[in-house]
Protein chains: 2
Amino acid sequence: MADELNTGLLLYIPYRSLESRVFAAVTEAGYEITTAQMKLMQRIGPNGTRLTDLAEQAQVTKQTAGVLVDNLEKGGWIERVDDPTDKRARLVRISAKAQKVIPIAEAAVAEVEAEWEAHLGREQLAQLRRILTRLREVTDPYA
Amino acid sequence: MADELNTGLLLYIPYRSLESRVFAAVTEAGYEITTAQMKLMQRIGPNGTRLTDLAEQAQVTKQTAGVLVDNLEKGGWIERVDDPTDKRARLVRISAKAQKVIPIAEAAVAEVEAEWEAHLGREQLAQLRRILTRLREVTDPYA
DNA sequence: GAAGATAGTCAGATAGGCTGACCAACGTCA
DNA sequence: TGACGTTGGTCAGCCTATCTGACTATCTTC
């Protein structure tokens, strides 16, 4: 269509590429988890996070977050515990199993980033991260 | 989880935010199309594109692209025509209906970009696009 | 205490994504 | 030219991701 891709697509293409690589690494290491699950899991805080907060962060509905959390729980990636501050709420916490997969995912990210850096140069990759981090301030419900 | 989000997520967050805005604008204008369909449609070239090429560009399987193209065809967004160069192949072409929605999507993108620009400054947004465009060279099967 | 808001779950529906398989058509090589 | 390997696109099956609507227990505010 257009020769000039819109910014959304320009953001999506590397994202998708990186995601596939991370997914492949995690799968190869013997773990079964989907990319959507990994994405949500990354938003869980160190002391646990409420489902509704996860939903907001991931910019999806409560129900979607609920299904993702259900499946994460079934896979042993998270546990749900009571929120001591509110009887309605639960906290979603990272499991020990998840702690094991994190370094694998991080190594895969690092490997891809090294390739990107080799292509762009260190300064441009750093600049990219800086700009994206600033962009979070207006695009991330939780920035 | 980590305070420092990985690059994939940093890319995904603004992408998702922009996508939601474009989807809302297109829906509000009375069109029914999903974000995945819009994404694929943007990869269709001016003289039509083969399904397998679309699949590769979108970094999805042939079958997934097939389903997306089926639904785009059902919605009147594309038409399938024979590929004169290869009897096995078809070309997926943009319909007249799709030409009407493009300006709406583009206007929505422009509006969001203006907000991002207001936040980042013109130079940083331009830099972001430049870097992402370069990054396509190693992340886009069709760059 | 009542009313409005919130957290999370249930239900229903559709789309998107993958794997495996298949057949027609193409391209390469002996 | 024919055999073989590859490619384009479709079928089939399955699971996940996503949305909307609805509900009840719990919380907050007045």
Side-chain angles (χ1 to χ4, degrees), chain A residues 12 15-17 19-20 23-24 26-28 31-41 43-44 48-75 77-93 141, chain B residues 12 15-17 19-20 23-24 26-28 31-41 43-44 48-75 77-93 141:
Chain A
Y12 185 76
Y15 155 71
R16 172 75 184 181
S17 178
E19 174 190 79
S20 298
F23 178 72
V26 168
T27 302
E28 173 133 9
Y31 295 102
E32 285 185 22
I33 183 168
T34 67
T35 58
Q37 289 167 11
M38 282 193 281
K39 236 183 344 208
L40 192 80
M41 199 166 72
R43 312 291 286 206
I44 297 170
T49 305
R50 287 187 182 177
L51 186 140
T52 46
D53 291 336
L54 290 176
E56 195 177 341
Q57 290 189 59
Q59 300 175 58
V60 297
T61 61
K62 292 187 291 186
Q63 293 87 340
T64 298
V67 169
L68 286 168
V69 167
D70 286 347
N71 290 334
L72 280 168
E73 189 176 30
K74 277 189 208 134
W77 303 106
I78 58 98
E79 58 195 1
R80 277 172 154 119
V81 299
D82 291 340
D83 183 338
T85 63
D86 186 335
K87 283 206 170 70
R88 296 171 301 183
R90 315 285 303 287
L91 290 179
V92 177
R93 289 210 304 223
Chain B
Y12 184 75
Y15 155 72
R16 171 77 184 183
S17 178
E19 173 190 79
S20 298
F23 178 72
V26 167
T27 302
E28 173 132 7
Y31 295 100
E32 283 184 24
I33 183 168
T34 67
T35 57
Q37 289 167 13
M38 282 193 282
K39 234 176 352 200
L40 193 81
M41 199 166 71
R43 312 292 287 209
I44 298 170
T49 305
R50 287 188 183 179
L51 186 140
T52 46
D53 292 335
L54 289 177
E56 196 178 340
Q57 289 188 60
Q59 300 175 57
V60 297
T61 61
K62 292 186 292 182
Q63 291 86 342
T64 297
V67 170
L68 286 168
V69 167
D70 285 347
N71 290 335
L72 280 169
E73 190 177 30
K74 277 188 206 134
W77 302 105
I78 59 99
E79 57 195 2
R80 278 173 155 116
V81 298
D82 291 340
D83 182 337
T85 63
D86 185 333
K87 283 203 170 69
R88 296 171 301 184
R90 316 287 301 289
L91 291 179
V92 177
R93 290 210 303 225

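All chains are named by letter (A, B, ...) in the order of the sequence lines, taking the proteins before the strands, and each is independently numbered beginning at 1.
Checked by distance alone, B:Arg88 brings a side-chain donor or acceptor within 3.5 Å of a matching partner on the base of C:dA25. Looking at B:Gln63, its side chain comes within 3.5 Å of the base of C:dG20 through a donor and an acceptor atom.
The interatomic distance linking A:Asp82 (CG) with D:dT26 (C1') rounds to 13 Å, in whole Å. Distance CZ (A:Arg90) to C1' (C:dT9): 11 Å, rounded to an integer number of Å. When rounded to the nearest whole Å, the span between OH of A:Tyr12 and C1' of C:dG16 equals 10 Å. Atoms CD1 (B:Ile33) and C1' (C:dT14) sit 15 Å apart, rounded to a whole Å. Computed from coordinates, the B:Leu91 CG to D:dT7 P distance equals 19 Å when rounded to whole Å. Spacing between atom CG of B:Asp70 and atom P of D:dG8 amounts to 18 Å, rounded to whole angstrom units. Between B:Arg50 atom CZ and D:dT6 atom P the separation is 18 Å, expressed in whole Å. Whole-Å rounding puts the B:Leu51 CG to D:dT7 P distance at 16 Å.
Note on A:Lys62: a base of the nucleic acid sits closer than 4.0 angstrom, heavy atoms only. Using a 4.0 Å heavy-atom distance criterion, B:Val60 is classed as a sugar-phosphate-only contact. Note on B:Thr52: only backbone sugar-phosphate atoms sit closer than 4.0 angstrom, heavy atoms only; bases stay farther off.
Where A:Thr85 and A:Thr64 each meet DNA chain D at their nearest nucleotide, the meeting point lying more 5' is that of A:Thr64. The nearest heavy atom of DNA chain C to B:Asp86 and to B:Asn71 marks one nucleotide each, and the one closer to the 5' end goes with B:Asn71.
Side-chain nitrogen and oxygen atoms of A:Arg16 include none within less than 4.0 Å of the OP1 or OP2 phosphate oxygen of C:dG16. Side-chain N/O atoms of B:Thr34 include one lying less than 4.0 angstrom from OP1 or OP2 on C:dG16. For D:dC19, one of the phosphate oxygens OP1 or OP2 lies less than 4.0 angstrom from a side-chain nitrogen or oxygen of A:Thr61.
Although no hydrogens or angles enter the test, the distance criterion places a donor-acceptor pair under 3.5 Å between the side chain of B:Arg16 and the main chain of A:Gln59.
Note: B:Tyr15 and A:Tyr12 have tilted aromatic rings, judged against thresholds of 30 and 60 degrees for the angle between ring planes.
B:Lys39 contributes atom NZ, which lies 12.0 Å from atom CD1 of B:Ile33 (distance to the nearest 0.5 angstrom). Note that CG of A:Asp53 and NZ of A:Lys62 are 12.0 Å apart. Values are rounded to the nearest 0.5 Å. In this structure, OG1 in B:Thr34 is found 9.0 Å from CD in B:Glu19, a value given to the nearest 0.5 Å.
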